[in-house]
> 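Let me give you the structure first, and then I'll get to my questions.
Both backbone and side-chain heavy atoms feed into the values below; hydrogens, waters and symmetry mates do not. Computed from a predicted structure; not experimentally measured.
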Amino acid sequence: MKLRRIAIEEFRRFRSGAALDDLADGLNVIAGPNEAGKSTFVAAIRAAFLERYKTTKVADLAPWGMQGARPSIEIDFEHAGRRYLLRKSFLSRARCELLVDGGAERHEGEAAETALASLLGFEFPAKGSSRPEHGGIPGLLWIAQGEGQNLAEPAAHAQAHLRDALTRLTGELAGADGDYLYERVEAERAALRDARSGRPKGAFRDAEDAFLQAMQKAEALAAAKGALDADVDRLAELRRDYDKAQQEQPWLELEQRAAQARARLAEISREREALAGLQRELAQADDTLSLLHDQVQRDQRDGEVLRELQAKAEAAAAEIEPAGAALERAQQLQQQAGERLAQCQAQVAAAHQAAQRQDCDAQLSRLDDDLRRLDDAIAQAAQIQEQRQQLQRTVASLAIDMQALRALRELEQRIVQLQTQQRAGATRLQYDLQGGQQIDLDGAALAGAGDTLLVEAVALRIPGVGTLRIEPGGRDLPAVQAALQTALGERGALLARLQADDLAAAESRAAAYEQARRDLDLADKYLRIQAPDGTDALHAARAQAQERRAQLQGLRERLPEPRQPVADLAQAQQAQRDATGEADQAAQGVVHARTYLDTLRARAQVLHDQWMAQQREFHSATRAEQRDQRSARLVEVRAGRDTLARRVHEAQAALQAHQPELIQQDVQRYEQSAVLARAEQERRHAELLQLQGKLEQAQAQGLGEQLLQAQADAQRLARRRDEFAARAQALDLLWRLLAEGRAAATQRLLDPLARRLQHYVGLLFPGAQSRLDETLTPAALARGGGEDALDALSFGTREQLGVLARLAYADLLQQAGRPTLLVLDDTLVHADEKRRELMKRALYDAASRHQVLLFTCHPQAWQDMGVGIRSVPA
């Protein structure tokens with residue numbers, strides 16, 4: 001399907017009318033700024049084809065504020081070799097008219113809309129404005145602004161048309177009986193099993209629940225019967241135990257033993273109090289002994305500290321003399337390092353002058369090389385400019401009309417197709433004439449053996465026999481012949497326009513033209529390499545180099561020549577750095593030695609003063625008398641503490657022999673045992689009464705008869721549950737086999753679409769693989785060893801895949817003979833520069849098979865598509 005002209009009047013912002021004429025067969029780029037009217041033309045196309053002309057829900061199509069507006073659209077388009085003219089007006093005096101082949105066929109009103117819907121593959125709503133579910137093929141291939149990433153909904157609305165196209169291409173039958181069987185099995189299976197969990201439902205679940213309830217009832221009755229029998233045995237046992245305990249009364253003896261144990265505990269308590277008094281006296285003696293022992297140890301430590309302080313003072317005084325000698329050695333090293341540093345500084349100055357002379361010589365050498373290079377570049381640039389002018393003349397002489405060449409290519413393909421159709425439908429006449437005989441075929445003599453194709457009615461005259469009239473059997477041969485003659489005439493006109501004998505000559509000239517253009521581009525690149533800023537910049541650089549050389553030459557002449565060999569500058573500088581480091585280190589050594597000596601002298605004096613003061617205080621008469629008194633008191637207190645410790649030990653041994661813990665445990669054991677014995681007898685009495693009442697009640701209920709009835713019901717319901725389970729398993733198997741068959745048929749059905757989609761996906765993501773689901777939409781993209789679901793991709797990537805999928809749908813529909821038109825309204829605005837370049841390849845490839853209307857507000861992004869960019873009419 002190819003649109004040739006779109007004209008609108010009193011339509012939104014276009015009050016006085018506007019038109020897009022001479023639309024190309026392939027890509028059409030229509031550009032304009034925001035609110036220039038791009039989306040208005042897109043809305044006009046949608047309204048012309050998809051909206052009912054009688055609807056009143058399209059008031060937004062009229063210009064704002066215009067009373068009595070009559071939004072009108074006129075579209076001239078072609079499909080399958082026929083010309084169509086559609087005129088549609090809305091609101092005031094609404095009408096619809098469709099003319100076919102210049103009026104040879106005419107439709108009006110609803111008949112015209114019905115013909116459009118059948119031709120393009122969509123539906124009209126029963127009332128109101130068109131909704132997405134009515135869009136069909138146009139709703140899928142016409143991408144509104146900001147809707148490129150939304151593919152699932154429009155593909156679902158066009159799924160019937162896509163499946164019909166796939167059926168035509170693959171030859172797969174619709175399989176209505178198979179679908180009915182599958183749906184029947186699925187429905188019956190769904191009546192017995194839950195679709196998600198596979199658990200029983202409906203009658204199956206009711207049967208299983210009834211069986212489980214019957215089993216639970218039977219088990220409960222069996223448990224009740226067993227408990228009843230156990231209760232009878234238990235009652236006899238309880239009556240025997242109760243009578244025996246009532247006669248013996250064991251709790252009385254236990255209570256008497258507990259009273260005896262409590263009396264023994266009272267005696268032991270008095271002995272424990274006496275032991276506690278002795279332990280308190282022993283603790284006081286321990287505290288006094290510890291205090292005296294600490295004082296005696298402190299006196300001993302004071303003597304040790306005095307002796308250590310004396311040793312430190314003597315050692316500090318001995319360290320002063322070696323530190324003074326070390327200071328003298330450091331001062332000598334500092335003087336030697338200073339002399340060596342002065343020598344190195346003189347050598348560095350001489351080496352620096354020598355380095356300046358070498359640098360001047362090196363710069364002069366480089367400038368000489370630069371001058372030679374600039375002279376070569378100037379000469380080569382002049383030669384390249386001369387070659388470039390010659391190539392420009394060649395390009396101008398080989399210029400060719402590329403649009404006419406593309407039209408010629410398409411026409412050659414069409415001629416080949418028509419000739420193939422002609423040969424397929426023509427009648428082949430084979431003849432083998434003996435003895436030199438001849439026959440006449442519409443004035444042409446035939447002799448010998450051969451064959452010829454008859455594409456129209458001819459007369460065959462046989463001498464001595466008569467005339468045979470032969471008419472080919474193909475019904476479309478006259479139309480094919482007429483189309484072939486028309487195509488041959490158009491080819492002659494195009495060859496004359498291209499000034500070529502045939503397509504090969506035109507292609508050869510186009511190839512020579514492209515080669516000359518590439519050679520010209522290459523010459524431009526060489527010129528930019530040799531003279532990036534132009535030949536004037538090369539001459540200026542040469543003059544600057546000559547001026548710089550003269551300055552360096554003067555500086556070199558002013559530098560004096562050395563009178564003796566000069567050391568290397570780097571070595572001299574390294575030696576100077578080493579000498580500087582040694583001098584700094586020697587100076588630091590002097591400072592450290594002097595500081596260390598002063599520190600030692602001050603420390604020795606402080607230690608000597610401290611030693612003398614502590615010695616006088618430690619040997620005083622008062623301190624000596626106190627030390628003697630503390631030693632005597634320590635001996636006395638230690639003897640008294642030993643006596644108390646012996647008495648405490650003897651009392652503890654006597655108390656431990658009584659074992660008070662065991663007697664306390666006996667009291668608790670006898671008391672608890674008496675309580676438990678009385679409680680156990682009371683519990684037996686209560687249980688006896690309870691069991692007697694329970695058994696009397698159970699005998700009246702008839703548990704045995706109830707148990708037999710419940711077991712019979714459980715067996716009957718088990719058989720019914722097993723019947724449903726067997727049916728569900730059979731339906732599971734049949735449903736799985738049918739699903740596998742349907743999946744295989746669906747995969748065969750998807751193959752043509754998958755191949756077309758993979759063609760476009762490979763252009764955008766080399767090496768990637770796309771996967772289609774049963775709804776004929778892309779479900780995932782596999783690349784780099786992993787698979788990403790469509791929802792996990794970025795917005796821009798989903799938009800790009802949405803456009804590629806629509807290109808694949810268009811290829812599929814075109815192969816099935818359905819009309820295709822791609823309308824892209826400001827699509828791919830979220831694509832980065834690299835992705836946009838790859839998408840351009842896909843669009844250019846699709847435009848060789850389909851007409852594409854690309855509306856954009858970024859014309860600079862589409863200048864390399866090989867077509868002119870049209871502006872939205874004002």
Side-chain angles (χ1 to χ4, degrees), residues 294-363 555 558-624 626-627:
D294 292 341
Q295 291 176 348
V296 171
Q297 287 185 339
R298 191 183 306 112
D299 293 337
Q300 294 175 354
R301 286 196 299 271
D302 290 344
E304 294 176 357
V305 169
L306 182 60
R307 289 189 294 272
E308 291 176 357
L309 185 60
Q310 180 182 0
K312 289 181 180 179
E314 293 174 352
E319 292 177 353
I320 293 177
E321 184 176 355
L327 176 60
E328 293 179 358
R329 289 194 298 273
Q331 290 174 342
Q332 292 176 359
L333 290 175
Q334 182 183 21
Q335 183 179 359
Q336 294 173 1
E339 293 174 356
R340 184 169 179 271
L341 177 60
Q343 294 176 358
C344 290
Q345 288 174 343
Q347 291 177 357
V348 168
H352 185 68
Q353 289 183 353
Q356 284 184 330
R357 290 191 296 274
Q358 293 176 358
D359 184 57
C360 286
D361 293 339
Q363 290 188 43
L555 177 61
R558 290 194 296 273
L559 292 174
E561 295 293 336
R563 299 180 180 179
Q564 58 183 2
V566 179
D568 181 67
L569 177 60
Q571 296 177 354
Q573 289 176 340
Q574 182 62 39
Q576 181 182 358
R577 286 192 293 270
D578 295 342
T580 302
E582 292 177 0
D584 294 341
Q585 186 176 2
Q588 292 177 0
V590 170
V591 173
H592 292 165
R594 183 176 288 109
T595 303
Y596 181 62
L597 178 60
D598 294 341
T599 302
L600 288 177
R601 287 173 177 171
R603 182 171 177 271
Q605 185 63 40
V606 170
L607 291 173
H608 183 269
D609 294 343
Q610 290 178 353
W611 171 53
M612 294 303 295
Q614 291 186 15
Q615 187 178 26
R616 286 192 297 271
E617 197 274 335
F618 183 78
H619 292 293
S620 65
T622 304
R623 288 285 302 276
Q626 291 175 350
R627 288 194 296 271

> Can you tell me how far CD of Gln336 sits from CD of Gln332, rounded to the nearest 0.5 angstrom?
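So the gap between those two atoms works out to 7.0 Å.
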> Please give me the minimum heavy-atom distance between Ala337 and Ala583, naming the atom from each residue.
CB-CA, 3.6 Å
> Side chains of Gln574 and Asp578: donor-acceptor distance under 3.5 Å anywhere?
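Judged by distance alone, the side chains do pair up.
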> How many angstroms lie between atom OG1 of Thr580 and atom CZ of Arg340, to the nearest 0.5 angstrom?
9.5 Å
